[in-house]
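Read the structure below first, then the notes.
Atoms within a ligand are numbered from 1 in the order they appear, just like the ligands themselves. Values in this document were obtained by computation on a predicted structure and should not be read as measured data. All heavy atoms count here, side chains included; hydrogens, waters and symmetry mates do not. Numbering of residues begins at 1 and proceeds along the displayed sequence.
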Amino acid sequence: MEISLFYPGVQPDYHVYEALQIFGDAGIVLALHPDSDNLLIRVTGDNGAVLELTPPDPAVTDNKELVRYLYCRISEFTGYRSPWGCLTGVRPTKIVNQLLAASRSRSEVRDELTGFYCARPVKAKLALTTAANQKAFLAEQAADPSRIGIYIGIPFCPTRCVYCSFTSNSIEKYRGRVDEYLRLLRAEMEAVAALVREQSLKLESVYIGGGTPTSLSEPQFARLIDDAAELFTSRSAYLREFSVEAGRPDSITAGKLTAMRAAGVNRISINPQTMNDATLELIGRRHTAEDTLRAFELARAQGFDNINADIICGLPGEYFGMFSHTLDVLETLAPESVTVHTLSVKRAADLKRDSRRELLRSNVTGRMVGSACRRLTTRGLRPYYMYRQKNMLGNHENVSYCLPGHESPYNIHIMEEDQTILALGAGGVSKRVTPGVIRRAFNVKSVEEYLARSTEMAARKRALFEEAERNGTT
Ligand code: SF4
């Protein structure tokens with residue numbers, strides 16, 4: 001089945017493209033064509049049936065309305081209904097929070113999600129519950145906008161996972177340049193620490209991610225953690241979170257855990273993704289389920305009491321029973337938070353075409369997503385932040401669940417875009433949030449470029465503040 005999109009006079013904005021990509025999950029290919037006889041969309045079915053849509057009359061000028069019009073008509077024609085209806089974009093809870101802030105009641109917001117956006121009631125409920133669990137964090141930030149977060153990126157991993165969409169490079173390839181990277185990263189930390197002092201910013205969280213920070217050697221890793229502690233966390237009277245993404249279980253050692261404990265790291269992620277070895281091999285993780293058990297044991301022995309575990313619904317070759325097995329093992333490990341991802345297939349360039357077709361088993365993925373939600377909430381975990389990506393299997397979402405009191409403020413604020421986040425290292429994206437305006441500064445992505453131009457990166461962040469001052473929106 002193919003959707004052809006034409007440009008009758010006006011060029012639809014990216015929301016329209018996003019709305020059409022919803023149907024990618026139903027196996028529909030999107031093709032773009034130049035302007036043609038006032039035709040907006042032609043959907044050609046595999047059975048030869050054709051749906052042709054002209055622009056709505058009277059012309060819909062609001063993109064939200066146009067997206068809804070297209071979604072509803074194509075949905076009727078194909079019989080495909082997305083769980084989130086025609087809701088596009090990365091942050092469903094941001095829409096919910098905006099509606100609630102505009103004095104809409106919970107039932108009005110639910111009705112808008114299920115009515116206007118055609119989302120399933122279960123998704124509307126999930127978004128509302130997640131928003132409710134964020135409420136206190138958003139209120140605190142609104143009361144004191146000088147609170148900020150820091151992100152430090154380590155763009156190296158032991159191997160590349162087939163679905164990876166992050167800045168990640170082979171640690172083996174860059175082994176000889178990691179010391180140089182850490183030296184320049186420390187210089188960027190010093191410059192940002194000075195900016196934090198000058199601007200009287202209140203540092204609430206430091207998040208070290210990547211990549212896989214624990215792919216560094218023990219001495220390099222200890223140096224990184226000590227630098228972050230010396231320049232940021234030990235200097236802040238407002239610190240609530242010092243997180244480290246210890247993602248690959250096989251890269252976690254007792255020595256690295258000791259370095260984190262000594263420096264005051266209070267939240268780590270150990271990410272199994274799945275507890276099935278055959279899948280781990282298929283997705284290029286190069287570790288085993290046993291490595292996850294060992295990493296949890298080591299971390300618990302050292303007293304870590306806030307551990308997150310990432311898992312993925314819809315991994316290649318996984319049927320429902322395999323996913324249930326992952327949840328069974330996680331129950332025995334009892335992480336304080338579990339982030340349930342839905343596989344995003346577009347990025348899975350290494351997956352063969354046939355595998356991709358096989359992956360589009362939205363019913364299975366939907367059952368996995370629903371089962372994770374039920375089992376985790378039964379254990380007392382609550383959804384507290386969520387986001388969506390393009391090309392997610394079954395058009396579902398990523399949700400993090402945690403026991404009350406184990407929320408990561410950093411993750412809430414980065415998703416809701418209500419807090420200034422200063423990002424360091426290759427691939428970091430800083431956001432300066434002021435009322436009604438978000439300004440961004442991008443660090444270069446490639447390691448080589450970062451090594452050559454790292455001093456520019458701190459200057460870019462400083463410029464964010466100077467621009468805000470010039471515009472009177474500090
Ligand atoms: S561990 Fe994360 S950052 Fe590294 S390759 Fe896998 S998905 Fe990418």
> How far is atom 2 (Fe) of ligand 1 from its nearest protein heavy atom, and which residue and atom is that?
Replying inline: F166 CD1, 4.3 Å
>> To check your reading of the model: name the closest protein heavy atom to atom 1 (S) of ligand 1, its residue, and the distance in Å.
In response: R248 NE, 3.4 Å
> Nearest to atom 4 (Fe) of ligand 1, what protein heavy atom do you find, and at what distance?
Replying inline: C157 SG, 2.3 Å
>> Donor-acceptor pair, distance only, cut-off 3.5 Å: does the side chain of D291 make one with the backbone of T288?
In response: yes
> Short list, please: which atoms of ligand 1 are under 4.0 Å from a heavy atom of T212?
Replying inline: 1 (S), 4 (Fe)
>> Side chain, backbone, both or neither: which applies to C161 and ligand 1 if a contact is any heavy-atom pair less than 4.0 Å apart?
In response: both
> Less than 6.0 Å separating the ring centroids of Y384 and Y401?
Replying inline: no
>> Counting non-hydrogen protein atoms only, what is the nearest one to atom 8 (Fe) of ligand 1? Give residue, atom name and distance.
In response: C164 SG, 2.3 Å
> Would R439 and L464 satisfy side chain to side chain contact (heavy atoms under 4.5 Å, CB included), going step by step from the backbone distance to the final call?
Replying inline: CA-CA 7 Å; R439 296 178 180 81; L464 285 178; 3.7 Å; yes
> Non-hydrogen atoms of G211 versus ligand 1: any pair closer than 4.0 Å?
Replying inline: yes
>> Show the atoms of ligand 1 that are less than 4.0 angstrom away from any heavy atom in R285.
In response: 1 (S), 6 (Fe)
> Are D144 and K202 close enough for a salt bridge, meaning some N to O gap below 4.0 Å?
Replying inline: yes
> Ion pair present between R375 and D328, side-chain N to carboxylate O less than 4.0 angstrom?
Replying inline: yes
>> Over 60° means perpendicular and under 30° means parallel, so tell me whether Y410 and Y207 are parallel, tilted or perpendicular.
In response: parallel
> Is there a heavy atom of T159 sitting under 4.0 angstrom from any atom of ligand 1?
Replying inline: yes
> Just by distance, with hydrogens left out, do N443 and E456 show a side-chain donor and acceptor under 3.5 Å apart?
Replying inline: no
